[in-house]
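Letters A, B, ... are given to chains in the order of the sequence lines, protein chains preceding strands, and every chain is numbered from 1.
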2 protein chains.
Amino acid sequence: MSDQKNTSDTRERILDIAERLFMDNGYEATSMRAITSAAEVNLAAVNYHFGSKEALLCEVFRRRLTWLNHQRLQALDKLEAQAAGAPLKPSQILEAFFGTLLRMGEDPSLGGMTFLRLLGRTLTEPAEFIRTFFAGEYAQVIDRYKRALFRALPDVPKAEIVWRLHFMLGAMSYAIAGTDVLQVVTGCEVGDLAGEGGCDDPADTVLARRLAERLMPFLLGGLRAPLPQFKQQEPSSKTV
Amino acid sequence: MSDQKNTSDTRERILDIAERLFMDNGYEATSMRAITSAAEVNLAAVNYHFGSKEALLCEVFRRRLTWLNHQRLQALDKLEAQAAGAPLKPSQILEAFFGTLLRMGEDPSLGGMTFLRLLGRTLTEPAEFIRTFFAGEYAQVIDRYKRALFRALPDVPKAEIVWRLHFMLGAMSYAIAGTDVLQVVTGCEVGDLAGEGGCDDPADTVLARRLAERLMPFLLGGLRAPLPQFKQQEPSSKTV
DNA sequence: CTAACATCAAAACGAACGTTTGAACGATGT
DNA sequence: ACATCGTTCAAACGTTCGTTTTGATGTTAG
């Protein structure tokens, strides 16, 4: 029973607990003492294994995001191989990008809805180290998907596509964050989106699936919406 | 020169500075000492005028949100009066709700983009007192607009409309937050969305207008997107 | 004039923060 | 057996946090 306890047990337990506490309270409002005591490890364990609180947050994301973005690139590779040079359909691209993410919400071993909520809530954090971390973690995948969308929508100005990708990311980010401060969704047939103190599994799996079913058509509708009337061409086009 | 300095000068200066610092750093990462020293007031001034740091944040929002939501209700009143009992067009409803907000970004006396960014970044904060505050501040306006959308889209299931309203709020929230951690928009022809350390006016006014021009068609396209195929009626069918 | 209010500087409050230290522990390899 | 290395531990480090207090100084209104 002391098989691989050596190098991974404490680390992994810290990451799991930190993931949940950062999601519940946010980064700044979650103390090292809260993390280490909830994980039943020594206070110094985080600094020993990760170096600092900032590095811990980055590692919480890295262990999920590298896998996720690898999957996203593979999904796009597969689609483009099947298309044999032809442009992809926008729905395929969105499915590869957002579907791959949302399916993580159904699998607790990939973080489940806890990680999705944490991701959605952290994407709007203003802290510098978070933004640079995400920028690096997402650079490649965003670039690939942007180019795929450019090819899929050759008649839409590229700047417009970039804007709409931004809007789609926002709708997704807010939806998976599940804070719902305005109580729009809470109380409907849907049930609560948050489920703050619960376990991992019970209704989160079905919630993730319902969310995907509703979000994907919305995003596709937004992406393909009629262009604003003021668009004739891109004027100076400094995007050489 | 001692005209109305009495009851408003210190209070207003604290609110202005707090609005900017909360936007730049987030609530938790902004200290009372940073606020009071930047506002050039005594450290005790915040507690004297507002009672606590939490109450200060609420007041920062209240002085803008009560006006905003009043305008939103008035805009809806006017539209419904003109329609004389007929259902409104979805585009009218979205214009009244989102247009009224986005136009605040063009007016520095209403907070400008600083307030819009702060709002977008705070809507996903998990802190309890923030969520209950927003819930109360938005309850009436959300209810009115939800009912207007129900009437405007009688063939769409109400639960679906609620979901899409949620998605629209997310896209708007993320867009006005302007964090853009994934660097989707940054570097394009658009210029930077954030402009962290700048003044109020220079490019924020035009940015707010461009944002509105792009966001509104996107939201409308998402709202009117085809329904997911699995909708015949709402079954109980919890997929046991 | 008086009383109430607003602002100030300065200091302190206890609490909580992230991080560091140095010793002890337990397995491993020679 | 001893030495080594990675890990864990209790305890303390210095700092910063939000808040309160005290007393003095204008300023305003009855």
Salt bridge (charged side-chain N to carboxylate O under 4.0 Å, His left out): pairs with one or both residues in residues 38-58 of chain A, sequence neighbours excluded: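 Checked against salt bridge (charged side-chain N to carboxylate O under 4.0 Å, His left out) - neighbours excluded - no pair reaches residues 38-58 of chain A.
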Salt bridge (charged side-chain N to carboxylate O under 4.0 Å, His left out) contacts touching residues 164-176 of chain A (sequence neighbours left out):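 Checked against salt bridge (charged side-chain N to carboxylate O under 4.0 Å, His left out) - neighbours excluded - the pairs reaching residues 164-176 of chain A are E160(A)-R164(A).
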For R33(A), all residues meeting salt bridge (Lys or Arg N to Asp or Glu O under 4.0 Å), sequence neighbours excluded: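 None.
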Salt bridge (Lys or Arg N to Asp or Glu O under 4.0 Å) partners for D77(A), two or more places apart: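 Listed in chain order: R144(A).
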Polar atoms only, N or O, under 3.5 Å: list the protein pairs with nucleotides 18-20 of chain C and their distances.
{"from": "dG18(C)", "atom 1": "OP1", "to": "K53(A)", "atom 2": "NZ", "distance (Å)": "2.7"}
{"from": "dG18(C)", "atom 1": "OP2", "to": "M32(A)", "atom 2": "N", "distance (Å)": "2.9"}
{"from": "dG18(C)", "atom 1": "N7", "to": "R33(A)", "atom 2": "NH1", "distance (Å)": "2.8"}
{"from": "dG18(C)", "atom 1": "O6", "to": "R33(A)", "atom 2": "NH2", "distance (Å)": "2.7"}
{"from": "dT19(C)", "atom 1": "OP2", "to": "K53(A)", "atom 2": "N", "distance (Å)": "3.0"}

Phosphate OP1/OP2 of dA6(C) contacted by Y48(B) side-chain N/O (<4.0 Å):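 Indeed, a polar side-chain atom of Y48(B) lies that close.
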Phosphate OP1/OP2 of dA6(C): any T10(B) side-chain N/O under 4.0 Å: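 Checking T10(B) against dA6(C): no side-chain N or O falls below 4.0 Å of OP1 or OP2.
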Which residues share a ring-ring contact (aromatic ring centres under 6.0 Å, His included) with Y145(B), sequence neighbours left out: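 By the ring-ring contact (aromatic ring centres under 6.0 Å, His included) rule, Y145(B) matches F97(B).
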Mutual orientation of the aromatic rings belonging to F218(B) and F218(A) [parallel < 30°, tilted 30-60°, perpendicular > 60°]: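 The rings of F218(B) and F218(A) stand perpendicular, inter-plane angle above 60°.
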Separation of [N] [atom2] from [X] [atom1] (nearest whole Å):
X: F50(A); N: dT7(D); atom1: CZ; atom2: C1'; answer: 13 Å
X: H49(B); N: dC8(C); atom1: NE2; atom2: C1'; answer: 11 Å
X: R13(A); N: dT8(D); atom1: CZ; atom2: C1'; answer: 12 Å

Sugar-phosphate, base or nothing in reach of V41(B), heavy atoms under 4.0 Å: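 The residue V41(B) makes sugar-phosphate contact but no base contact.
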